[in-house]
2 protein chains.
Amino acid sequence: MLKLTRKLEYALIALTHIQGQATEKIVSTKEIAETHRIPLQLLAKILQELAKHDILEAIQGAHGGYRLKKSLDEMNLTALIKILEGPIGIMDCSIDTNCVQLDICNIRKPISRVNDAIISMFDNLTLSEITGI
Amino acid sequence: MLKLTRKLEYALIALTHIQGQATEKIVSTKEIAETHRIPLQLLAKILQELAKHDILEAIQGAHGGYRLKKSLDEMNLTALIKILEGPIGIMDCSIDTNCVQLDICNIRKPISRVNDAIISMFDNLTLSEITGI
DNA sequence: ATTAAATACGACTAAAATAATCGGATATGC
DNA sequence: GCATATCCGATTATTTTAGTCGTATTTAAT
Ligand code: SF4
Ligand code: SF4
């Protein structure tokens with residue numbers, strides 16, 4: 001309940017790690033995985049996903065790896081979550097319309113306010129505020 | 001990710017329903033389940049849990065059911081979540097100490113601030129603000 | 001007393017979401 | 001050519017959430 005996924009944490013750890021290196025340094029998945037004890041294959045797929053969305057630049061081949069492609073203060077937490085997990089929302093009806101209670105729900109409005117508050121908090125949180133400038 | 005559980009929603013729906021009735025009226029699980037299309041057995045267990053924690057008063061036997069025992073503006077969302085789901089926290093290390101990244105985690109502090117903000121938001125939200133006065 | 005309607009509760013099963021792994025392809029520096 | 005990377009679809013494993021079952025107990029009404 002209300003937990004961040006491991007994928008998201010690994011992504012934030014990796015971004016933080018990369019940002020801590022010299023700007024032009026190419027950082028390999030292996031380096032990050034070993035430093036932070038993250039399963040290599042899983043991290044690999046996460047970084048690929050981030051590369052696909054232009055957050056990282058991938059350099060293939062031997063001595064390859066990743067570099068930051070986008071400045072982290074240009075992107076908020078909401079965007080990262082959307083990339084890795086899809087649409088956000090603390091209840092089903094904030095995402096789709098399949099809930100059987102939908103038309104008779106007596107808590108939808110108040111819960112929706114809570115949802116908005118959380119989303120707006122994530123909207124206002126840049127990744128660099130998490131990874132540290 | 002970051003979803004409220006169904007159990008919690010059902011609890012809030014039920015509390016809202018009960019609060020909408022005359023103060024002394026005894027409301028049966030069946031009435032709530034049918035009105036809101038909630039699986040009866042599941043709702044039953046939830047209400048038992050709430051009764052065990054003195055939020056509801058259970059009246060057994062024929063024509064039995066539940067009544068509010070505690071005023072809903074005396075309790076916040078955090079308390080309800082704790083009863084139904086246990087300790088809150090958006091990351092594992094806010095609850096236990098088993099995370100393998102714990103000692104080397106580079107995002108723990110910033111994530112912890114996010115966590116605190118959410119918890120504090122829930123702390124300041126009374127149940128009556130959700131169920132409607 | 002008997003019956004019907006209700007709560008109480010532990011055990012169980014099912015479904016869904018999350019986490020991790022596997023196997024092979026492709027790219028590139030040396 | 002070989003070692004070291006990214007790339008990527010498919011699969012499996014694990015955990016969490018959701019829902020069900022069976023049975024016992026309580027109590028009002030008849
Ligand atoms: S309609 Fe009500 S029960 Fe259904 S998802 Fe929205 S808030 Fe939850
Ligand atoms: S230590 Fe880091 S990785 Fe582990 S749970 Fe806490 S924040 Fe997440």
Side-chain angles (χ1 to χ4, degrees), chain A residues 1-11 13-14 18 25-34 37-53 56-67 69 81 84-92 95-96 98-101, chain B residues 1-11 13-14 18 25-34 37-53 56-67 69 81 84-92 95-96 98-101:
Chain A
M1 148 124 215
L2 277 181
K3 280 258 185 68
L4 304 181
T5 61
R6 230 50 201 169
K7 258 169 80 177
L8 181 64
E9 288 201 329
Y10 293 158
I13 288 173
I18 295 172
K25 176 175 175 199
I26 294 167
V27 186
S28 74
T29 309
K30 197 179 174 192
E31 172 183 331
I32 302 173
E34 286 179 352
R37 302 193 196 121
I38 299 171
L40 178 67
Q41 308 261 42
L42 182 51
L43 180 61
K45 297 192 69 168
I46 294 166
L47 298 184
Q48 283 158 31
E49 198 79 20
L50 297 186
K52 197 189 305 181
H53 287 85
L56 295 177
E57 176 191 6
I59 291 95
Q60 288 199 336
H63 303 305
Y66 295 93
R67 255 190 313 231
K69 189 167 182 183
I81 292 176
L84 293 173
E85 325 276 359
I88 324 180
I90 63 171
M91 70 282 201
D92 290 343
I95 292 167
D96 59 51
N98 304 327
C99 178
V100 296
Q101 280 88 23
Chain B
M1 147 123 214
L2 276 179
K3 282 258 185 68
L4 302 181
T5 61
R6 230 50 201 168
K7 259 170 78 177
L8 181 64
E9 287 201 329
Y10 293 159
I13 289 172
I18 295 172
K25 180 178 173 199
I26 294 168
V27 186
S28 74
T29 308
K30 197 180 174 191
E31 173 182 330
I32 302 173
E34 286 178 351
R37 302 194 196 121
I38 299 172
L40 178 66
Q41 307 261 43
L42 183 51
L43 181 62
K45 296 189 68 167
I46 294 166
L47 298 184
Q48 282 157 31
E49 198 79 20
L50 297 187
K52 198 189 305 182
H53 287 85
L56 295 176
E57 176 191 8
I59 291 95
Q60 289 201 333
H63 304 307
Y66 296 92
R67 257 191 311 232
K69 189 166 182 185
I81 292 176
L84 293 172
E85 325 277 359
I88 325 180
I90 64 172
M91 69 283 201
D92 290 343
I95 292 168
D96 58 52
N98 303 327
C99 177
V100 296
Q101 280 87 22

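Hydrogens, waters and symmetry mates play no part in the numbers below; they use all other heavy atoms, side chains included. Lettering of chains follows the sequences in order, A, B, ..., and the numbering in each one begins at 1.
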Checklist entry - For DNA chain D, whose closest nucleotide is more 5', that of A:Lys30 or that of B:Gly61? => result A:Lys30
Checklist entry - To the nearest 0.5 Å, how far apart are CG in A:Leu84 and OG1 in A:Thr5? => result 7.0 Å
d([atom1], [X]; [atom2], [N]) in whole Å:
X        : N      : atom1 : atom2 : result
B:Leu47  : D:dG19 : CG    : C1'   : 15 Å
B:Leu84  : D:dA18 : CG    : P     : 11 Å
B:Leu56  : C:dA6  : CG    : P     : 17 Å
A:Gln101 : D:dA18 : CD    : C1'   : 12 Å
B:Gln60  : D:dT26 : CD    : C1'   : 5 Å
B:Ile26  : D:dA28 : CD1   : C1'   : 11 Å
A:Arg67  : D:dA5  : CZ    : P     : 16 Å
A:Tyr66  : D:dT4  : OH    : P     : 18 Å

For residues [X] and [Y], report the shortest heavy-atom separation together with the two atoms involved.
X        : Y       : answer
B:Gln101 : A:Arg37 : NE2-O, 2.9 Å
A:Leu43  : A:Ile38 : CB-CG2, 3.8 Å
B:Tyr10  : B:Pro39 : OH-CD, 3.9 Å

Next on the checklist: Regarding A:Ile59, tell me which of base, sugar-phosphate or nothing describes its non-hydrogen contacts under 4.0 Å with the strands shown.
Outcome noted: sugar-phosphate
Checklist entry - With a non-hydrogen cut-off below 4.0 angstrom, is B:Gly64 in contact with a base, only sugar-phosphate, or nothing? => result sugar-phosphate
Checklist entry - To the side chain of B:His63, which of C:dG29, C:dA8, D:dA28 is closest? => result D:dA28
Next on the checklist: Which nucleotide wins on minimum distance to the side chain of A:Ala62, given the candidates C:dT7, C:dA6, D:dT4?
Outcome noted: D:dT4
Checklist entry - What string of B, S and - do you get for nucleotides 17-24 of chain C 5' to 3' if you count protein non-hydrogen atoms under 4.0 Å? => result -SSSBB--
Next on the checklist: Less than 4.5 Å apart, side chain to side chain, heavy atoms only: is that true for B:Leu4 and A:Met1?
Outcome noted: yes
Checklist entry - Any side-chain heavy atom of A:Lys69 within less than 4.5 Å of one from A:Leu50? => result no
Checklist entry - With a cut-off of 6.0 Å (strictly less than), are more than 12 heavy atoms of other residues, nucleotides or ligands near NZ of A:Lys25? => result yes
Next on the checklist: D:dT6, OP1 or OP2 - any side-chain N/O from A:Thr29 closer than 4.0 Å?
Outcome noted: yes
